[in-house]
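Counting convention: from 1, in listed order, for ligands and their atoms alike. Positions are given from 1 along the sequence. Please read these numbers as outputs of a predicted model, since none were measured by experiment.
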Amino acid sequence: MNTTDQKNNIDKQNLPQHVAIIMDGNGRWAKQRGNKRIFGHKNGVQSVRSVVEAAGEIGIKYLTLYAFSTENWKRPKLEVNALMSLFISAVKNETKNLMKNNVRMKAIGNLTNLPSNVQNNLNEIINITKNNTGLTLILALSYSSRQEIKDTIINISKEVIDNKISIDDINENLVSSRLQTSEFPDPELLIRTSGEFRISNFLLWQISYSELYFTDILWPDFTKEHFFKAIYNYQQRERRFGKITEQTKSNKT
Ligand code: IPE
Ligand code: IPE
Ligand code: MG
């Protein structure tokens, strides 16, 4: 099936609003070609471009991309530095494209841990694209879900201590509203590439009912076609949310 067929298969009435992707496999992709890991990261930028375009084309509203985890700081300094430079050049080179495609850029994670030039470039593109009304592209950079949850617990505790809220006000909605993702709906679909079956500290609260899609494709090989295939696969699933099939079909509560 070609990309157009794959795209035409998608039911526009049943799109996930929010898709999150763990972009994995750059290092192995480079190694297979006898190259350094950073070569894989560089080639992964093209896949980001494709997926952003594909998501926009079919009308996905939110796309979160896991680009760098807090744990990734433990990688060799050379790789970390190369990744930081790559973030800067990618952000600079993609600004025009994002504007053309009406994409609004956002970021989550421990952004203050990023080098200041990365922070500056990121803030700049977030600012430039802030009035765009198409796809919202959320980059997870220096992101840790457990840290996000821990910070949220601290912030909510402070609100209680300061008498801004009472313990009884704490419910699931309030917790969601205090996370870094507060302005985005939870992802209905989470994709991970490269044949790894784990979450690696990504959006733990937010994916409690997400559909998970794993593919062996390494990130630099991931194309629009693969993205459309994942959306189609999602649409074949029955999301029961604890109920039974008969209830979900008739929409009875
Ligand atoms: C994902 O690819 C990109 C980042 C984590 C920054 P990897 O670099 O993890 O590639 P593999 O998993 O080693 O192949
Ligand atoms: C997860 O990939 C983080 C990103 C894709 C940015 P990793 O390659 O770092 O995950 P682990 O360490 O293999 O679980
Ligand atoms: Mg990896």
- May I ask whether R37 has any heavy atom positioned less than 4.0 angstrom from an atom of ligand 1? yes
Which pairs of donor and acceptor atoms, one on a side chain in residues 57-64, lie under 3.5 Å apart (sequence neighbours left out)?
| unit_1 | atom_1 | unit_2 | atom_2 | d |
| --- | --- | --- | --- | --- |
| E57 | OE1 | K7 | NZ | 2.8 |
| E57 | OE2 | K224 | NZ | 2.4 |
| T64 | OG1 | H18 | NE2 | 2.7 |

- Note on the structure: min-distance protein heavy atom vs atom 13 (O) of ligand 2 -> R198 NH2, 2.7 Å
- Item | Minimum-distance protein heavy atom relative to atom 9 (O) of ligand 2 | N72 ND2, 2.9 Å
- Query: Can you list the atoms of ligand 1 that are under 4.0 Å from a heavy atom of A67?
  - Reply: 6 (C)
- Item | salt_bridge(R240, E246) N-O dist < 4.0 Å | no
Using a 3.5 Å cut-off and no angle test, enumerate the donor-acceptor pairs between side-chain atoms of residues 77-87 and protein atoms at least two apart in sequence or in another chain.
| unit_1 | atom_1 | unit_2 | atom_2 | d |
| --- | --- | --- | --- | --- |
| E79 | OE1 | R37 | NE | 2.8 |
| E79 | OE2 | R37 | NE | 3.2 |
| E79 | OE2 | R37 | NH2 | 3.4 |
| E79 | OE2 | H41 | NE2 | 2.8 |
| E79 | OE2 | R75 | NH1 | 2.8 |
| N81 | ND2 | K77 | O | 3.4 |
| S85 | OG | N81 | O | 3.1 |

- Message: Any nitrogen or oxygen of F68 lying under 3.5 Å from a nitrogen or oxygen in ligand 1? Just yes or no.
- Response: no
- Message: Measuring centre to centre across the rings, with the benzene-like ring taken for any Trp, is F241 within less than 6.0 Å of Y209?
- Response: yes
- Task: Everything protein-side that's N, O or S and under 2.8 Å from the Mg ion (ligand 3): list it, residue and atom.
- Result: D24 OD1
- Item | Test item, G25 contacting ligand 1 (heavy atom, 4.0 angstrom) | yes
- Does atom 11 (P) of ligand 2 have any protein heavy atom closer than 4.0 Å? yes
- Query: Restricting to pairs with a member in residues 96-118, which pass ring pair (Phe, Tyr, Trp, His ring centres under 6.0 Å), not counting sequence neighbours?
  - Reply: none
- Message: Consider side-chain contact (heavy atoms from CB on, under 4.5 Å). Of N132, L137, I138, T95, which one does M105 pass it with?
- Response: L137
- Task: If you have a sec, work out which protein heavy atom is nearest atom 5 (C) of ligand 2 and how many Å separate them, to one decimal?
- Result: M23 O, 3.3 Å
- Check each atom of ligand 1 against the heavy atoms of R28 and keep those under 4.0 Å away; list them by number with element. 11 (P), 12 (O), 14 (O)
- Message: Below a 4.0 angstrom heavy-atom separation, can you tell me which part of E71, side chain or backbone, both or neither, approaches ligand 1?
- Response: neither
- Task: Please write down residue, atom name and distance for the protein heavy atom closest to atom 7 (P) of ligand 2.
- Result: R75 NH2, 3.8 Å
- Non-hydrogen atoms of K31 versus ligand 1: any pair closer than 4.0 Å? no
- Query: Side-chain donor-acceptor pair under 3.5 Å between E188 and Y234, yes or no?
  - Reply: no
